[in-house]
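Throughout, a chain's letter reflects where its sequence line sits, starting with A, and its residues are numbered from 1. Nothing here was measured: the structure is a model prediction, and the numbers come from that model.
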Amino acid sequence: MALMRNRILEILNKAIVPICHSGGLSDQSPPCVELEIPKISQHGDYASNIALSLTRCLKRNPREIAKEIVKHMEMSEGLISKVEIAGPGFLNFFIEPGAWHQELVEVHAQAEKYGYQEIGKGKRVQVEFVSANPTGPLHIGHGRGAATGDVMAAILAFCGYAVEREYYINDAGNQMDTLGRSLYYRYQEALGEPVDFPDGHYQGDYIMELARDLTEEVGTRYHKVPLDEVLPDFTRYAGDRILAGIREDLDNFGVRFDQWFSETTLHSQNAIQRTIETLKANRYIYEQEGALWFRSTAFGDEKDRVVVRANGLSTYFAADLAYHKDKFERGFDTVIDIWGADHHGYVERMLAGIEALGRKRSDLQIILVQLVNLLRAGKPVAMSTRAGEFVTLREVIDEVGKDAARYIFLTRRSDSPLDFDLEVAKMQSNDNPVYYVQYAHARLCSIFEVARERGVPCEWLNGGANPDLAPLVLPQELEIIKMLGEYPEILASAAKTLEPHRISYYLNELVALFHSYYNQNRILGDDPDLTQARLYLAAALRIVLANALSLLGVNAPEKM
RNA sequence: GCGCCCGUAGCUCAGUUGGAUAGAGCGUCGGACUUCGAAUCCGCAGGUCGCAGGUUCGAAUCCUGCCGGGCGUACCA
């Protein structure tokens, strides 16, 4: 048995074959039939615009096409009560109320696998995200990228892709030297040397903490030792310590990576040089004014880009080219990069880069995540990275909790800026969407707890026979069932569009239906048959809530 | 100047990739706990989808031009 929407789709797909055939369309390119749930119930349970989209290629009146489709449909018994042709040529399907019950059986049968989609077909996908420079702790913007990337990866994995999560460590370049120098000066300072802390260095408190720690560990070993002699040691110490902190913060945020990729390895293994050679062989590299340029304009970039500077040093972009070459050499079919939106100017050249390396533009998907405005009770919180005054991700998680933070990050499209209000995130009220959903889950669990106390049997929870679902006749009940049946479709669309926020919106809608239903009806009532059927519905709801929250990396509590 | 993103209810945002009469939450106001969790629910009000054209059976969605906001525009990373 398949879900309702798939059964309708199958009927439709079969029905249009002879029509396309007689219209001269080959079976090779059957039009994609779409099924939507209409906003207005008068338009049926499902609606298809297939007749309308066929008008163009068949050059026929849509209502006539619709009539013919209906004529060709094989109506199985007890499934569809009627099909109407409406408006310009919509097909409106009205489902036999009793047919919905099968949907619930599907949910129970698949349980924690419910929603699983076989659309990835094992294709290898890498999601690279966060990738913050190890020069300071993660801030709230990184948190948004972390949540987005982590959930996107989870969705893709659940949709049948072989997914790897990767963090690119920018541990090369002069920013790391700056970091090392910053620590050096703070260290000398900690030993009582008067230091004129230079501009453009990292001023955060965390550097002073590192300096104190270093002083405890090595004492005066580096006291007054010239900077040049010891800079690599300071850089390594600071970089390692900060990266360890980043890992810890991400771990607390529920984000785990399969791979931590260090930029330094690209340098040490000559990967950058080799990448430039490859591009040179493809005639995409030329020399001008002492520098080597990549001809990114050949692929639509607005100007060519330097890969090796006149001073002989390669650019960050060159390393990034080598990095992406490496990614594809590792066998990924698709690579997804999640970047802060302030890097959007970089997108075109990167796409040009992978094209020049022989990949399709669509093999690299770049998702831009907009900035987060941190607020407290509606007022902006000062966030000056330069001066080192910023609220770290760790502080935010400590204050509002992992679940609230993750959920709020996922309640917006990633290319929409997000106001993150610390006070709202802490509020245990309707202002805070995460509690709305978690509350529903806890409430469902509580119902089963009460059922257990009252001795209501639920053998079907442990593999026993399913209850008779015929008592589920209320419009609200059918509405909930219908929406549970949409869950796989929501996942598929989230995977296809790379938009995790669709899941949180779905959850909010689903949970709203449940809360409303709950307030008007009793699950545990006097009628044992009705009670069984409603418990079965409640259990299916709990399954979907738990599955979806798990994808979001948000806890599904039994009690709150 | 050029490029990218965004303009939808008082506020914050969705809108199933071009579908039918535009959707939530917050906020305002008014209601619902002797009951399985009131962290919930029910109701009222709120719109020229920034503006103007174009594409077609059909546009918040696509194309063009304006207006307004954000970001970017390094031989930095």
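Within the 4.0 Å cut-off from OP1 or OP2 of A20(B), at least one side-chain nitrogen or oxygen of Lys39(A) is found.
Counting non-hydrogen atoms under 4.0 angstrom, Asn92(A) reaches a base of the nucleic acid. At a threshold of 4.0 angstrom between heavy atoms, the contacts of Asn49(A) include nucleobase atoms, whether or not backbone atoms are also involved. Heavy atoms of Pro417(A) sit under 4.0 angstrom from primed sugar atoms or phosphate atoms, though from no base atom.
In the interface, the side chain of Asp342(A) is not paired with the base of G72(B) through any donor and acceptor atom under 3.5 Å apart. You'll find a donor-acceptor pair under 3.5 Å spanning the side chain of Glu289(A) and the base of C75(B), going by distance alone. Residue side chain His343(A) does not reach the base of G72(B) through any donor-acceptor N/O pair under 3.5 Å, judged by distance alone.
Proximity note for Ala310(A) (side chain, C-beta onward) versus U40(B), C75(B), G3(B): the nearest is C75(B).
For the pair Leu375(A) CG and C11(B) P, the computed distance is 16 Å after rounding to whole Å.
Remark: the Gln175(A) side chain and the Asn170(A) side chain contain no N/O donor-acceptor pair separated by less than 3.5 Å. Judged by distance alone, the side chains of Tyr517(A) and Glu477(A) do bring a donor and an acceptor atom under 3.5 Å apart. Thr334(A) and Gln365(A) share no side-chain donor-acceptor pair at under 3.5 Å.
Where stacking is scored as ring centres under 5.5 Å apart with planes under 30°, Phe90(A) registers as stacked on the base of A20(B).
Ring-centre distance between Tyr346(A) and Phe317(A): below the 6.0 Å cut-off.
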